[in-house]
Amino acid sequence: MTTRQIANPQIKLWMAAIKPPMYSVAIMPIWVGTAVAFAETKSLNLVVFSTFIAAAILILAWENISNDVFDSETGIDENKHHSLVNLTGNKLLIFWLGNLCLVSGLLGIIAIAIWQKDFTVIGLILLCCALGYTYQGPPFRLGYQGLGEILCFFAFGPLAIAAAYYSQTASWSINSLAASVIVGIATSLVLFCSHFHQVKDDIAAGKRSPVVRLGTAKAAKLLSWFTGGIYPLILLFVLLGMFPVWTLLSWLSLPFGFQLCRHVQENHHLPEKVSNCKFIAVNLHFCCCLLLGLGFMLGNG
């Protein structure tokens with residue numbers, strides 16, 4: 001009985017450190033970019049798609065792991081029991097594990113470029129990696145200046161979707177750019193929501209996240225505006241003929257949007273209660289982007 005009581009909290013800490021649900025953030029840009037390509041070209045290279053998905057997961061693993069390493073250097077994770085560095089007590093091991101994930105992911109992207117005989121995709125993904133590094137990596141640490149959401153928008157929105165679309169078509173598309181705005185906003189909401197419960201730790205470490213700068217009450221209102229703005233944008237792109245009508249399926253994710261905004265409005269000042277809001281944001285992101293991509297797939301005729 002004692003062993004179970006000890007083991008279960010440890011398993012929970014490891015699962016919180018690995019963050020399995022968060023990897024939909026890596027998958028959805030590739031899914032949506034590929035879906036737009038399929039809608040426009042009526043063709044799909046499953047080998048490229050699956051390779052890109054695997055590479056994206058590995059690259060996001062590098063970013064998450066390296067962020068734990070960089071945060072351990074500033075002291076911001078002192079009270080974060082599910083930090084990989086705190087769990088293992090071996091910062092060097094975690095650092096090199098992250099680098100292994102990065103190299104493995106980039107090898108997948110290089111394979112796609114070789115198949116295409118075109119290195120454009122590598123350039124786009126390297127730019128995504130550069131933005132990911134500047135978020136927490138020294139000497140930049142732009143996330144500490146409150147710029148993380150902007151970096152996140154471009155890395156997981158326009159750049160990642162352009163790369164996914166290009167990997168299928170070796171060309172560019174204004175429609176994929178429009179889709180990237182939706183995905184970029186939805187992804188940035190996940191990061192934005194991760195700040196509400198750690199305001200005290202952020203202030204102590206000198207991190208000026210948007211929630212720290214605005215205060216939790218104003219940040220909660222801003223969250224509602226950006227969450228609510230996703231759906232009129234999708235409708236606008238449908239009315240402009242850029243998105244097929246089927247992409248309105250993404251509106252089925254609205255219940256998650258209402259749940260997120262209501263939960264944060266009611267609990268923005270209560271760290272223990274609001275700490276799960278990023279997982280509601282992940283649900284919103286996953287459902288909205290999955291259905292958006294499905295809408296492109298169904299509307300390809």
Side-chain angles (χ1 to χ4, degrees), residues 12-33 35 53-54 56-65 67-68 80 82-84 128 132 135-136 143 148-157 160-161 164 179-198 209-211 216 219-220 222-231 234 249-268 271-294:
K12 287 181 180 179
L13 285 174
W14 276 102
M15 291 302 289
I18 297 168
K19 309 187 220 15
M22 303 296 281
Y23 285 89
S24 66
V25 169
I27 295 168
M28 287 301 114
I30 314 308
W31 159 244
V32 173
I53 290 288
I57 290 171
L58 285 165
I59 291 171
L60 183 60
W62 159 73
E63 188 168 346
N64 288 337
I65 291 169
N67 283 348
D68 272 5
K80 185 179 176 181
H82 59 276
S83 160
L84 286 170
C128 289
Y135 170 59
Q136 297 286 59
E149 282 70 14
I150 296 172
L151 298 174
C152 183
F153 172 83
F154 284 104
F156 292 92
I161 287 188
S180 75
V181 173
I182 306 300
V183 177
I185 293 172
T187 309
S188 294
L189 288 177
V190 176
L191 179 59
F192 188 76
C193 286
S194 70
H195 301 307
F196 279 97
H197 71 289
Q198 55 187 34
S209 73
V211 177
T216 59
L222 185 63
L223 173 68
S224 297
W225 278 102
F226 274 101
T227 303
I230 290 173
Y231 300 96
I234 294 170
L249 282 170
S250 58
W251 280 52
L252 293 174
S253 64
L254 261 171
F256 290 119
F258 284 122
Q259 181 190 9
L260 175 64
C261 295
R262 185 173 61 250
H263 181 67
V264 175
Q265 286 284 355
E266 293 174 354
N267 302 294
H268 62 85
E272 288 185 5
K273 287 189 176 181
V274 81
S275 62
N276 68 330
C277 71
K278 66 180 176 183
F279 295 109
I280 303 173
V282 168
N283 291 338
L284 168 64
H285 171 273
F286 176 78
C287 187
C288 181
C289 296
L290 179 68
L291 293 172
L292 182 68
L294 181 61

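For reference, positions follow the sequence shown, starting with 1.
The nearest pair of heavy atoms linking V32 to A179 is CG1-CB, 3.9 Å. Heavy atoms only, all atoms of each residue included: L60 and Y23 are closest at CD2-CD2, 3.8 Å. Of all heavy-atom pairs spanning P29 and I161, the tightest one is O-CG1, 3.5 Å. When every heavy atom of A220 is checked against every heavy atom of H268, the shortest pair comes out as CB-CB, 4.1 Å. The two residues S194 and L191 come nearest to each other via the heavy atoms OG-O, 2.5 Å.
Atom CZ in F156 sits 12.0 Å away from atom SG in C289 (nearest 0.5 Å). To the nearest 0.5 Å, atoms CZ (F258) and CG (L284) are separated by 11.0 Å. Considering OG1 of T227 and CG of L260, their distance stands at 5.0 Å, rounded to 0.5 Å. With rounding to the nearest 0.5 Å, the separation of CG in L151 from CD in Q136 is 10.0 Å. Going from atom CD of E266 over to atom SG of C261 covers 11.5 Å, rounded to the nearest 0.5 Å. In this structure, CH2 on W251 lies 13.0 Å from CG on L292, to the nearest 0.5 angstrom.
Environment of CZ in F153: crowded, with over 12 heavy atoms of neighbouring residues, nucleotides or ligands closer than 6.0 Å.
Side-chain contact between H197 and E272 is absent, with no heavy-atom pair separated by less than 4.5 Å. Between F196 and P271 there is no side-chain heavy-atom pair separated by less than 4.5 Å. Taking the side chain as every heavy atom from C-beta outward, S253 and Y231 approach each other to under 4.5 Å. In this structure the side chain of I65 never reaches within 4.5 angstrom of the side chain of D68, judged on heavy atoms. Considering only heavy atoms from C-beta on, I280 stays 4.5 Å or farther from C193 through its side chain. Contact annotation: the side chain of I234 approaches that of C288 to within less than 4.5 Å [non-hydrogen atoms, C-beta and beyond].
Checked against T187 for a side-chain contact (heavy atoms from CB on, under 4.5 Å), the options V190, L189, I185, V183 give a single hit: V183.
For the pair H285 (side chain) and F279 (backbone), a donor-acceptor distance under 3.5 Å is absent. Counting only distance, with no hydrogens or angles, the side chain of S188 and the backbone of E149 share a donor-acceptor pair below 3.5 Å.
By the ring-ring contact (aromatic ring centres under 6.0 Å, His included) test, Y135 is found to be paired with no residue, residues two or more places apart in sequence or in another chain being considered.
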Starting from the C-alpha separation in whole Å, work towards a yes-or-no answer on side-chain contact (heavy atoms from CB on, under 4.5 Å) for N276 and H263. CA-CA 9 Å; N276 68 330; H263 181 67; 2.8 Å; yes
